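Comments concern the structure below.
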Amino acid sequence: MTEMPTGPSHKSTDLATVTYVHGAGPATDTSPVPAAPALGGTTVTTDRAAVVESARRVLEGTVTPAPAEVEKVDIDLDAFDDRPLIPAWAKTPEGWAMYSGVLYRSRLRAYRRWVRRQRTDRGHLAQFKRGARRVQDWVTGFEGIQTQALAHQAHIAAKEARAAARAARYTPALMKNKKETALREADRTQTVAMQAVNAHKQAKNYRRKLRALRAGAAYGPPLAAISSGYMSAGGFGATAGALATFAGGAFAGRHTITEETDWSADWRSLGDGDPMTAPMLDEVFRRAKVIGSDESLHMVQMPMLDARGAWSAVIDLPPGIPAKKAMRAISEIASALGVEDAQVNMVKTKGKGARSGRLEIYVAKQLPFTEDAEPGPLLALEAAANFWGRIAIGPDVRGLAISISVVERSGLVGGEPGAGKSASGNVILLAAALDPRVILWLADGKAGGDLEPFRELCEYFEGDADPEAFYEMLKAAVADMKARYALLKKLGKRKVTEELANKYPLLRQKLLWVDELMFYTTDDDFGKKITKLLRNLVSRGRAAGIVTFCATQKPGSDVVDTSLRDLLSIRWALRCTTPEASDTILGKGAAAAGYSAKTIEPEMRGAGLLWAEGSNPVLVRADYYDDDQVELLIKRAYDLREAAGTLPEGPKTLADQLRDKGEADADVLAVLVDVFNAYDQEAKEKDATSEVDWLPGTLLVDALKAAGLDITPEKLARLVVREDAEKKKRAWEDSTSALNGYPLTAVLRAVQTKYGLTA
């Protein structure tokens, strides 16, 4: 056994071999610089700056790999100074640099761990929240439970005492035994009630005192620290006191207790504020009986929280389970998630990567479409709208703007009363009104005035809910459709385009809007005729530039014939009371596939399932425009149409309608109608009650000749046939004898007989 040397002059022969990493060894410079004591008591001539540089390169990790031949230096590893556990080389610059680097890296890692921990329930802010809640729970205590129980007992005892006193009071004195029993019972219950009230008061005082003591113990020191710090050192002292309070609260909440989030419920859900996770979705779909107990979902896109506070995820159902099975169980899934049905929105994915069993689930934080609607985009529109382009409808549940195209389309809007059909229809009506090229034909089957603001812009308006007038309106629309097709055939075109509509006024786009269609189609006299004309117009008018929209409460087969309803390609189902009513709008089987307007809550006014483009309906809320905004937009539409020269001319007089016939007899009758109107107006200026219903034949012949129409009395008599009683001569103004003339009734009868026109 070799003895350990004790003197500094000892020269050991037991040397170890130390291999330097290439690029980190001592420098070869032989300048006379005092060397650090080497292991074993020997000295090595080295450059101190080179040693420090070597240590720095080691710390930065820039040391190059060792070559085939490495430098070997013999160093004694057994040399120690006066501290037996610290080797001598640790006090060299290289040793100090290595020690400092290790310390720096450890502190940096510790800081990064601290920063990451702040985002979890172990962070200091989370600890302080838990500590504050625990302190408040301690201050509140459990005495309140006893106080509430005693309050309930006092309430019951007082109620029994009042009943017993009432019974004793109204028991007749003749019934002596019952009277005495009732009095004793009244005394007993009053005593019990007074004792219960006193016990409740004592419990309240006891609770108040204990809470005051605990509050002083819990909140007194922090308040004292902050106050004394502010008084002694101002803001700096108050900050120090607040930091001390924060440290104390964080210390009180340093340990998490998982049970403290909910002491009673075993099942947590989104409705309880928990985040959506993959295990939660698996459990939700199992409880909804969509997947089996041993099956799980495949997460294509993990649950994410968006800026609106809603959760979304893309999932793949297990093989063999179609997406429609999950969409049919939307009520069960919403129940398992702890939210309303309307908060859950599930759609099949579209585009590249779509699969039959792939779903996108979106769960809103609150019931959607219950907040105030944002101003519609038409208010910010400075120029005219383009009804040939896409029409902005409103936002979906994700807040994305939804727009549709109505070119060569027709639509049906349905829902229960108060669902917002009129406000939703304004989105399309206002867009059409702001395009001065669009011709408006509106019919209001409700006669409630919802369409009245558009009257001045309409070429044809039926606002009296008159089925006969609406039937005549449809006859005129069909005649216009035939004229359009005749022009298209002449031009060699198959359908109306925007270029053709801009070039030929007859081919301008036309919107036929029918509100409360049920009133017209259920009429006994004109219902079937109206349905037939509407079916003809919807099926053939699309290519002619005629867009038809119908709105009604419940478009069942008894209201709208299925042959007509199936032709309406755009379906908008607002809130309905039953899934069957929703299916009458969206089509049979839509509710079974998970698209039912019954899930729309009454608070979601104006929201509906819009099936316009794509394979699935979309839940949309129409942009809302109040009465003042509608009036403003209609005024803007009027100015645009006035500038473009497309304002409707208004109803034509009977004389103008006769002149449009382009026949000689029609021109004669038009002059006769004008003459009667002129004399009638002149007579009413003198006397408001007077009317002119007869004029001399000579006066009428002179008026015809003045208008450039050469007609004899005989020809006039053949054109305007009079009955025997109407041929009787009458006196006229200052004439001395009776004159032969024509009554107004004979002229109007001739107009109706020959041309079918009425005044």
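Quantities reported herein were computed from a predicted structural model and do not represent experimental measurements. Nothing fancy with the numbering, it's 1 onward along the sequence.
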Hey, could you give me the [atom1]/[atom2] distance between [X] and [Y], rounded to the nearest 0.5 Å?
{"X": "Asp444", "Y": "Tyr520", "atom1": "CG", "atom2": "OH", "value": "6.5 Å"}
{"X": "Trp311", "Y": "Leu337", "atom1": "CH2", "atom2": "CG", "value": "12.0 Å"}
{"X": "Lys588", "Y": "Glu580", "atom1": "NZ", "atom2": "CD", "value": "11.5 Å"}
{"X": "Asp627", "Y": "Tyr625", "atom1": "CG", "atom2": "OH", "value": "14.0 Å"}
{"X": "Leu381", "Y": "Leu633", "atom1": "CG", "atom2": "CG", "value": "9.0 Å"}

Less than 4.5 Å apart, any side-chain heavy atom of [X] and any of [Y]?
{"X": "Leu223", "Y": "Thr245", "result": "no"}
{"X": "Ile321", "Y": "Glu295", "result": "yes"}
{"X": "Thr599", "Y": "Val344", "result": "no"}
{"X": "Leu150", "Y": "Lys204", "result": "no"}
{"X": "Asp306", "Y": "Arg398", "result": "no"}
{"X": "Arg636", "Y": "Leu434", "result": "yes"}
{"X": "Val547", "Y": "Leu512", "result": "no"}
{"X": "Pro453", "Y": "Glu631", "result": "no"}

So which atom in [X] and which in [Y] form the shortest heavy-atom distance, rounded to 0.1 Å?
{"X": "Val407", "Y": "Phe387", "answer": "CG2-O, 4.4 Å"}
{"X": "Arg134", "Y": "Arg254", "answer": "NH1-N, 4.3 Å"}
{"X": "Gly415", "Y": "Lys421", "answer": "O-NZ, 3.4 Å"}
{"X": "Ala323", "Y": "Lys348", "answer": "CB-CG, 3.8 Å"}
{"X": "Asp623", "Y": "Pro377", "answer": "OD2-CD, 3.2 Å"}
{"X": "Ala326", "Y": "Phe285", "answer": "CB-CE2, 3.9 Å"}

Taking atom [atom1] of [X] as the centre, does the number of heavy atoms from other residues, nucleotides or ligands within less than 6.0 Å exceed 12?
{"X": "Gln301", "atom1": "CD", "answer": "yes"}
{"X": "Gln146", "atom1": "CD", "answer": "no"}
{"X": "Tyr219", "atom1": "OH", "answer": "yes"}
{"X": "Glu603", "atom1": "CD", "answer": "yes"}

May I have the step-by-step check of side-chain contact (heavy atoms from CB on, under 4.5 Å) for Ser422 and Lys446, ending in yes or no?
-> CA-CA 11 Å; Ser422 299; Lys446 186 166 55 178; 3.7 Å; yes
Can you say whether the rings of Tyr595 and Trp611 are parallel (under 30°), tilted (30 to 60°) or perpendicular (over 60°)?
->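 Geometry flag for Trp611 against Tyr595: tilted rings.
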Just say parallel, tilted or perpendicular for the rings of His124 and Trp114, cut-offs at 30° and 60°.
->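 Aromatic pair His124/Trp114 classed tilted.
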Donor-acceptor check, side chain of [X] to backbone of [Y], threshold 3.5 angstrom: yes or no?
{"X": "Ser410", "Y": "Leu567", "answer": "yes"}
{"X": "Ser596", "Y": "Ala591", "answer": "no"}
{"X": "Arg605", "Y": "Gly418", "answer": "yes"}
{"X": "Arg214", "Y": "Trp138", "answer": "yes"}
{"X": "Arg211", "Y": "Thr140", "answer": "yes"}

Between Leu270 and Gln343, does a side-chain contact (heavy atoms from CB on, under 4.5 Å) hold up when you go through it step by step?
-> CA-CA 11 Å; Leu270 287 183; Gln343 292 179 244; over 6 Å; no
Any Lys/Arg nitrogen of Asp316 or Arg358 sitting under 4.0 Å from an Asp/Glu carboxylate oxygen of the other?
->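 A salt bridge is present here (some side-chain N lies under 4.0 Å from a carboxylate O).
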Salt bridge between Arg287 and Glu283, side-chain N to carboxylate O under 4.0 Å?
->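 Looking at Arg287 and Glu283, the cut-off is met.
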Start with the C-alpha gap between Gln366 and Glu371, add the side-chain angles, then the distance that decides, and say whether side-chain contact (heavy atoms from CB on, under 4.5 Å) holds.
-> CA-CA 10 Å; Gln366 298 176 346; Glu371 69 280 359; over 6 Å; no
Criterion side chain to side chain contact (heavy atoms under 4.5 Å, CB included) against Leu619, the qualifying member of Val347, Asp396, Ile600, Leu610 =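 Among Val347, Asp396, Ile600, Leu610, the one that satisfies the side chain to side chain contact (heavy atoms under 4.5 Å, CB included) with Leu619 is Ile600.
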Check the pair Val427 / Leu378 against side-chain contact (heavy atoms from CB on, under 4.5 Å), numbers first and verdict last.
-> CA-CA 9 Å; Val427 175; Leu378 294 178; 5.9 Å; no
